[in-house]
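What follows is a short report on a single structure.
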Amino acid sequence: MARDYKETCLLPKTAFAMKGDLFKREPQWLARWESTGLYERILARPTGGRFVFHDGPPYANGHMHHGHVLNNALKDFVTRSRNLLGERTRFIPGWDCHGLPIELNVDREAKRKKENVSPAEMRARCRDEATKWVDVQRTERKRLGVLGTWETPYLTMNKGFEAQVIRALRAFVANEIVYRGKKPVQWCWHCRTALAEAEVEYAEQHVSPSIYLKFPLDAVSAAALRDKLPPGVDRVAAVIWTTTPWTIPANLAIAVHPALDYVVLRGADGEGLLVAAALAASVAKAAGLDEAVVGPSFKGEGLVGLQGRHPFESRWSPIYGADHVESGAGTGLVHTAPGHGRDDYKLGLAHGLEPYAPVGDDGRYTGELGDGAKALGLEGQFIFDANPILEQHLASLGALLQKPGQKITHKYPICWRCKNPLITRATTQWFIAMDEPMKAPGFFNVTLRERALSEIDRLAADGARAETEGVARGWVPSWGRERIRGMIESRPDWCISRQRIWGVPIPAVQHKATGEVVLTTELLDHVAKVFAERGADAWYSDDPTVLPELIRCADGTLRPREEFARDPSIIDVWFESGSSFYAVCEPEPDLGAKVDLYLEGSDQHRGWFHSSLLVGCAVLGEAPYRAVLTHGFVCDEHGRPYSKSEIRRRQEERRNEIVARVTGGEALESALAAMRSSWATPEKVADAKKRLGKKTALDDVALAIAQDDIEYIPPEKIIAEQGAELFRAWAVFVDYENDMPYSRAVLNQAIDAYRRVRNTMRFMLGALRDEPAPLLAEVTLEPLDRWALVRLGEVLATCEAAYRQYRFRTVFATVLDLCQELSALYLDASKDRLYNDAADAPRRRSAIATMQHLVRSIATVVAPILPFSAEDVWDHLPAFAGKGDSVHLEFWPTVPAIDDGAALLTSMQQIGLVRDAVFAQLEPVVQAWGVEKQAAKKAGREPGAGEIAFADSARIDHARDAAVTIGPFAEAERATITLTDAQVAELLGLGALHLAPAVTNVGARRASGPPCDRCWRRRGDVGADGLCPRCRHAVDVFDRAAGAPA
RNA sequence: GGGCCCAUAGCUCAACCGGUUAGAGCACCUGACUUAUAAUCGGGAGGUUUCGGGUUCGAUCCCCGAUGGGCCCA
């Protein structure tokens, strides 16, 4: 019996596991990186440049959700890749700690315990609450593998940060664009505070009253419309439509669009109803009229200057022209209460109307109400409770066009925190003027809005320039410009005050006697110093030294601080986070106020990017960032936002559908099939039916199916069960510029891609067999190896460019592509020399030197994306000169120049064509062999009894048994292939290949001679011992090394 | 209702300026191998580029409109 030569073959050998077991092992790497000070060591490396990245602070409340995790993964890709490319990049994580959600949590807890808490104590509790969540989120963010200064993050509640916020505010004051004014703001009567734009949410299905209300025109006004009346009409009323009857007591005017067409509609009892022509029919319908009889139409400008009588107050509501009036819904005449609406306010401002808002902090009417409303007993009444009272009253006055009690379901603003409906209410607040010239030296009297807009454009222009250099700067993607521009263009003045406790106080003071309010740079300078030492809590202490001894009033007189009271408002948290570049980066000589990159979700065009831009423009005179990169949102496979509540809603929807179909008589299978359930495998259906048979309620079974079908996979579950690396692989597998699909199926695809890379690395590590490999310079490279290195060079160039443009997907896809190509071609073709050549054979040395270089380079390239696995590879990569203890200490890999690189690429391109032709020809043969083998197995006989005929009738079991002749080749084409026929044959896994210009097609026959017992190749040179000379030599070498001849 | 964006194979993504027959991978079907084996290699099928118009010699790409979806606002 022949010797089993398997042990003499140098088969792959490595301790690098096929299975990552990442979830178990990641914490070990994290611990190691921390204990060896990896982050500091990365930064300590000598580099040519530096890159300033600035973390946008997540809110320190609750656990991290998918969006946060994605965002953190992308940020880590940035930090790690810039460091890899030789730009020293720090990552200082931060948290947004002040603000309403935390305060409300603490408040709720205090109320539950019926405690009366002082502001100072309240703030202390809020600080504890914020600290608690910072700790939770820090653990979660670190677990993802994000590298950074986790022990010294920046917190907006830190003393130094608070002081810098005051200094940022100082810059606005110095620019003379901070003012106090009464303006309508979005107000939450429950939380008793004004809300920022970003704090407002919208309820989709809010139910409001819907009333059409008549304002009878005075005699003069009616006379002006005399020739517009339809027959049978003798008097006219303007008709408005509103969903907020509670604002009627504050009505001061009616708005029409000057360019819109209006008509008088004949109402009941000969009353004329003034409405927009386009809406006459719908108003008639609402009023219960059988038909819409109208007079001649006329432009709205003809109405300007007329007036209607308020239904229950003794005053007139003048009609004004306004562009915001629309003809899409309502009546085309808009009820205007300048104290309760933004457009209303603007219109009132233009015509000298007060922002009249007789509603208090708590949403109850105040004594400012008119006599008519007071007579109704509305004073002290909660406004939403007043709606039906008002409606009833208006109906009794005959002022309503429709029957009372009509409702409308529409989208309505609600408080982000308590979810109660918001109201618009004029209050006294601190504002930053968007359109006042900035007066500080160096700001050239440009308004904040103008400066912000010009900065947006400057960034865009710079981005376009950078693009031609293959770098990403400015707005990335470029439509970010359009988006933020629209917002800055149309935004109102910035309301920066909030009537809450947990935040940075607005350090203004009010003179107790005169009522004068003071907010000066002098005052702010003093307070900033105090906050820097003692924190903003000082504002809430009794200590008088928080204020300067003497405070300068507007007339220049200095008054003692005892005469002043401190402003109880705090600053909008968006102002704080918008100042983060100033608080975190500006003071560090290593960083500076100009940040290279901000990276957040596209919602931050209104949030952090926006507030940072405004603060930057008033503090620095320019945008604080050079590039703004945005990502989309995590969605399910239908493109819907991926959140726990959304998924639960869809699960219930699905359950209901299942229940409805089954109770409707449909069989479970067909119901599921009709619903295209991916879940409905026969086994599962059978199981479900069994459960139904056991009298489990249909509801429960259906819900179980739905929950299985539409699965909610929290990020911590992926991380705990599969590893953070796989979440990172997902993040890089989908396109973050758009919405990112997230589901079990997509995750599995990302995991498969990851495995592909991992296995390719594993094979090459196996080829190295845990032994140091020769360096490239120490071997004579085979053409195939030179080709692999040329390909590596191409991949490195692509990946470097991609990293510079934050196209992480491209990096991963390119590496994955290389792995596929190496696996199918290069590695497959190298197996023979790796396994069967003698250990020190030049061909084999060439291969392992190349593979060592490939592994090392690929691990380094993917390290920013897959830091754990890259480190795993590095750990298993045999030592070489200059090898550091972590892949993350590496710089961007290089490849030696390959002289005949271009020729090799051309060759491989040609060989690709040859390959396609050969495999296509061989396929039916191999296929037939497979069929024969299975038939033989079934019949219980040896395969091959019926010979597979091909070409010269010799059987071909495997491609390596085939000797192929392929043509036609022009001599010129053949000349572009710089490899020999034997080399090409090996590359394709063929026994032999002859590229013959003269032949007109592909021909294959069985390679001649018996196969070598060891390497199984038919080369026609097998000796009497059953081995080819190459294997004979290899076995001799092996035996000599083993010291024992067989 | 408004601003910005997205739509290519069952899924995730490609396709330089408008230019040959729209490409990969996964999944699917199928074969090989047992010397990468919870691995690897070969082959196959799969597209009216969401729909409707327009510009052009030529449109996935440019323009207009519709539909569906997202973010932000009202």
Item to check | Pair S869(A)-Y754(A), side-chain donor/acceptor within less than 3.5 Å | outcome: yes

Checklist entry - For T630(A) and R483(A), does a side-chain donor sit closer than 3.5 Å to a side-chain acceptor? => result no

Between [options], which nucleotide gets closest to the side-chain atoms of [X]?
X: Q820(A); options: G25(B), A14(B), U35(B); result: G25(B)
X: R915(A); options: A24(B), G42(B), U35(B); result: G42(B)
X: E482(A); options: A36(B), A38(B), C4(B); result: C4(B)
X: N738(A); options: C41(B), C72(B), C6(B); result: C6(B)
X: W1016(A); options: U37(B), U34(B), U40(B); result: U34(B)
X: D739(A); options: U12(B), C5(B), G70(B); result: G70(B)
X: S823(A); options: C5(B), A36(B), U35(B); result: A36(B)
X: R756(A); options: A24(B), C5(B), C41(B); result: C41(B)

Indicate, yes or no, whether a donor-acceptor pair under 3.5 Å links the base of [N] to the side chain of [X].
X: R485(A); N: C4(B); result: no
X: T760(A); N: A36(B); result: no
X: Q749(A); N: G25(B); result: yes

Please work out if [X] contacts a base, only the sugar-phosphate, or nothing of the nucleic acid, heavy-atom cut-off 4.0 Å.
X: R640(A); value: sugar-phosphate
X: E637(A); value: nothing
X: S743(A); value: nothing
X: N759(A); value: base
X: G639(A); value: sugar-phosphate
X: R1014(A); value: base
X: F633(A); value: sugar-phosphate
X: F763(A); value: base
X: A824(A); value: sugar-phosphate
X: P477(A); value: nothing

Roughly how many Å apart are [M] and [N], using the [atom1] atom of each and rounding to a whole number?
N: G10(B); M: G65(B); atom1: C1'; value: 30 Å
N: C17(B); M: U60(B); atom1: C1'; value: 15 Å
N: G68(B); M: G46(B); atom1: C1'; value: 24 Å
N: U12(B); M: U56(B); atom1: C1'; value: 34 Å
N: U20(B); M: G2(B); atom1: C1'; value: 44 Å
N: U48(B); M: C11(B); atom1: P; value: 13 Å
N: C61(B); M: U49(B); atom1: P; value: 10 Å
N: A9(B); M: A22(B); atom1: C1'; value: 11 Å

Checklist entry - Near E467(A) CD, under 6.0 Å, is it more than 12 heavy atoms from other residues, nucleotides or ligands? => result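 Open: at most 12 neighbouring heavy atoms sit under 6.0 Å from CD of E467(A).
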
If [N] has a Watson-Crick or G-U wobble mate with both distances under 3.5 Å, name it; if not, just say none.
N: C62(B); answer: G54(B)
N: A24(B); answer: U12(B)
N: C4(B); answer: G70(B)

Item to check | Step-by-step ring pair (Phe, Tyr, Trp, His ring centres under 6.0 Å) determination, F733(A) to W730(A) | outcome: CA-CA 5 Å; F733(A) 188 69; W730(A) 166 82; 9.6 Å; no

Checklist entry - Is the distance from OP1 or OP2 of C4(B) to the nearest side-chain N or O of S602(A) less than 4.0 Å? => result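 So the side chain of S602(A) is outside the cut-off, no N or O lying under 4.0 Å from OP1 or OP2 of C4(B).
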
